[in-house]
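Proteins come first, then strands; the chains are lettered A, B, ... in the order of their sequence lines, and each starts at number 1.
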There are 2 protein chains.
Amino acid sequence: MIVDLTDRDTDAGRRIRTAAVLLFARRGYAATSIRDLGKAVNMTNAGIYHHVTSKEALLADLMRAAQRELIEATERMLAPYERPGDRLALLISSLTAVHALTPMTSRVMDGELRSLTPGSAAHAEIIALRDAYEDHWKHALADGVEQGVFRVADEKLTRLALMSMCTGTSEWYRPDGDSTLEQVCAEFVAIGLAAVRAPAEAFATADFTLLPEFPWEPPHASNDPRPDEARR
Amino acid sequence: MIVDLTDRDTDAGRRIRTAAVLLFARRGYAATSIRDLGKAVNMTNAGIYHHVTSKEALLADLMRAAQRELIEATERMLAPYERPGDRLALLISSLTAVHALTPMTSRVMDGELRSLTPGSAAHAEIIALRDAYEDHWKHALADGVEQGVFRVADEKLTRLALMSMCTGTSEWYRPDGDSTLEQVCAEFVAIGLAAVRAPAEAFATADFTLLPEFPWEPPHASNDPRPDEARR
DNA sequence: GTCTATACCCGGATAGAC
DNA sequence: GTCTATCCGGGTATAGAC
């Protein structure tokens with residue numbers, strides 16, 4: 001569809017993407033130069049352009065792949081389930097887990113949409129993908145309300161509140177923190193189902209092996225995320 | 001303490017700060033140039049420097065003032081209350097209301113800490129202010145747990161989850177949306193108290209007249225926030 | 001208090017050697 | 001596939017006229 005692609009499946013390509021995700025997540029896209037990227041992978045800025053058509057195309061590629069994988073993983077998880085309570089529980093725990101386990105990719109995905117030129121094909125494409133993902137949430141909530149198992153004041157408000165809670169993990173979750181990922185997800189599912197006044201039953205639990213894979217996500221390291229509060 | 005101040009209380013100063021908050025919130029600090037700022041207030045870039053010592057000092061000033069006002073407003077609200085349930089309810093609804101009513105300032109406050117040079121006095125100062133604010137949350141949760149009125153798996157996890165929910169409103173809340181601010185706050189308080197397993201009693205309600213005032217916050221306009229999804 | 005002009009640097013991106 | 005060298009625009013910030 002769009003030929004503006006970046007070098008995949010080569011070793012240099014992967015190293016560049018990994019460095020780009022790290023730098024874009026930490027400093028932001030606008031504050032990261034191609035020269036910074038070059039330094040991070042021991043190349044000159046000109047070398048980068050052998051693997052990348054432009055800085056913006058690189059960002060778009062990362063975001064496109066991340067959004068697509070999130071959608072596919074979500075659909076893999078939801079497939080066997082029909083009940084809105086199960087589907088909402090899976091949406092909450094999978095979104096939480098993705099943000100906790102791949103915080104750098106998630107931060108780029110959630111925070112750099114504004115860096116794509118408005119009106120460009122890439123910008124429109126990423127928005128469409130994000131909307132396609134969010135449709136799963138809209139439908140789960142609408143189905144639950146329609147079937148009378150959810151009681152909600154405003155579906156949009158509820159959806160956005162729960163999504164904020166889930167995506168927030170990319171800012172603070174640490175694998176060596178006080179809670180395991182399973183505990184975080186269980187807690188968030190409990191909060192979410194309480195928010196829609198769903199009766200406390202047993203609902204589906206996320207299978208983390210179905211999560212998307214981002215081969216370029218840098219390892220969950222030292223001071224990231226929130227390097228500014230490492231001392232806590 | 002720090003003399004690196006920006007022109008306050010003059011008309012030009014206010015117009016510059018208003019434009020800066022708008023641009024920093026929309027495009028990000030790094031992607032906003034002093035020339036952009038000049039265009040927005042009908043000045044050349046050189047004119048800006050008559051009111052601002054540097055771009056970074058301007059950002060620091062905005063963040064410092066916003067954090068200070070948030071802290072002061074929070075303390076005004078909390079003052080009459082002792083019970084952890086009341087205090088948590090007020091923390092939730094005031095943080096939500098501030099992010100909903102002054103989304104641009106809030107987005108800068110929450111998202112641009114990384115744009116202050118690490119190690120600079122301003123960077124350290126803003127972190128200290130943010131920590132001072134978050135201490136109110138820590139104490140409310142710790143007190144509730146200690147007094148046996150809250151039951152919580154991990155206090156840090158709970159605090160960060162609830163704060164994410166509250167701050168998220170700066171990304172999606174619209175005054176002309178389906179819910180009033182009072183409804184949003186009430187819903188979030190209910191979710192928050194459920195998250196700490198607090199018994200359902202009557203808790204204090206936020207008095208919005210005690211909220212901080214940001215004289216530079218641009219009016220809640222047309223497509224902001226989330227200009228990319230105006231069509232929804 | 002705002003302008004024009006300018007210093008100086010760094011940004012994205014390309015050409016062409018090796 | 002990576003380099004050096006280069007183009008050119010735009011960045012922050014300052015000097016000095018009005």
Side-chain angles (χ1 to χ4, degrees), chain A residues 2-21 23-24 26-63 108 112 114-118 120 122-123 216, chain B residues 3-20 23-24 26-63 108 112 114-118 120 122-123 216:
Chain A
I2 289 158
V3 276
D4 214 14
L5 281 192
T6 297
D7 206 3
R8 301 175 187 287
D9 307 320
T10 72
D11 191 60
R14 262 188 301 275
R15 278 168 53 235
I16 289 172
R17 293 162 83 89
T18 301
V21 167
L23 291 171
F24 292 171
R26 280 214 259 230
R27 309 179 188 174
Y29 170 82
T32 303
S33 72
I34 293 281
R35 285 170 167 90
D36 292 335
L37 206 46
K39 264 171 235 155
V41 297
N42 285 313
M43 249 186 234
T44 60
N45 62 331
I48 300 289
Y49 281 98
H50 195 265
H51 305 275
V52 155
T53 59
S54 79
K55 192 187 159 190
E56 187 168 345
L58 169 60
L59 174 64
D61 260 23
L62 292 169
M63 295 185 69
V108 173
E112 294 294 358
R114 64 181 176 193
S115 302
L116 297 175
T117 346
S120 67
H123 187 248
W216 60 78
Chain B
V3 276
D4 212 17
L5 282 191
T6 297
D7 205 4
R8 302 173 185 285
D9 307 320
T10 72
D11 191 61
R14 261 187 302 274
R15 278 167 54 234
I16 289 171
R17 293 163 83 89
T18 302
L23 291 171
F24 292 171
R26 280 214 259 233
R27 308 178 188 173
Y29 170 83
T32 302
S33 73
I34 295 281
R35 283 172 166 94
D36 292 335
L37 206 46
K39 264 172 233 155
V41 297
N42 284 316
M43 247 185 237
T44 59
N45 61 331
I48 300 289
Y49 281 97
H50 194 264
H51 304 275
V52 155
T53 58
S54 80
K55 191 186 159 190
E56 189 168 344
L58 170 59
L59 175 63
D61 260 22
L62 292 169
M63 294 184 70
V108 172
E112 294 295 356
R114 65 181 176 193
S115 302
L116 297 175
T117 351
S120 66
H123 187 246
W216 60 77

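- Between A:I34 atom CD1 and C:dG11 atom C1' the separation is 10 Å, expressed in whole Å.
- In this view, B:A30 and A:A30, A:A31 satisfy the side-chain contact (heavy atoms from CB on, under 4.5 Å) rule, not counting sequence neighbours.
- Applying the salt bridge (Lys or Arg N to Asp or Glu O under 4.0 Å) test to residues at least two apart or on different chains, the pairs with a partner in residues 36-49 of chain A are A:R27-A:D36.
- Residue pairs meeting the ring-ring contact (aromatic ring centres under 6.0 Å, His included) criterion with at least one member in residues 29-59 of chain B, sequence neighbours excluded: B:F24-B:Y29.
- Rounded to a whole Å, the OH atom of B:Y49 is 19 Å from the P atom of C:dT6.
- Partners of B:T18 according to the side-chain hydrogen bond (donor to acceptor under 3.5 Å, both in side chains) rule, which considers only residues two or more places apart in sequence or in another chain, do not exist here.
- With rounding to whole Å, B:K55 atom NZ is found 15 Å from D:dT14 atom P.
- Put simply, CD1 on B:I16 is 8 Å from P on C:dT2, counting in whole angstrom units.
- Nucleotide C:dG12 holds its C1' atom 13 Å from the CG atom of A:L58, rounded to whole Å.
- The side chain of B:H51 has C:dG1 as its nearest neighbour among D:dG1, D:dT14, C:dG1.
- The separation between A:K39 atom NZ and C:dG12 atom P is 11 Å, rounded to whole Å.
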Might you list the N or O atoms of the protein lying below 3.5 Å from N or O atoms in nucleotides 3-7 of chain D, with each pair's distance?
{"from": "D:dC3", "atom 1": "OP2", "to": "A:T44", "atom 2": "N", "distance (Å)": "2.8"}
{"from": "D:dC3", "atom 1": "OP2", "to": "A:T44", "atom 2": "OG1", "distance (Å)": "3.1"}

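- One interatomic measurement links the two molecules: NE2 of B:H50 to C1' of D:dA15, which rounds to 13 Å at whole-angstrom precision.
- Annotation: the span from B:L58 atom CG to B:I16 atom CD1 amounts to 8.0 Å, rounded to 0.5 Å.
- The separation between B:L37 atom CG and D:dG11 atom C1' is 14 Å, rounded to whole Å.
- B:T32 pairs by the side-chain hydrogen bond (donor to acceptor under 3.5 Å, both in side chains) definition with nothing, not counting sequence neighbours.
- Residue A:T10 is out of contact with every strand shown, counting any heavy-atom pair closer than 4.0 Å.
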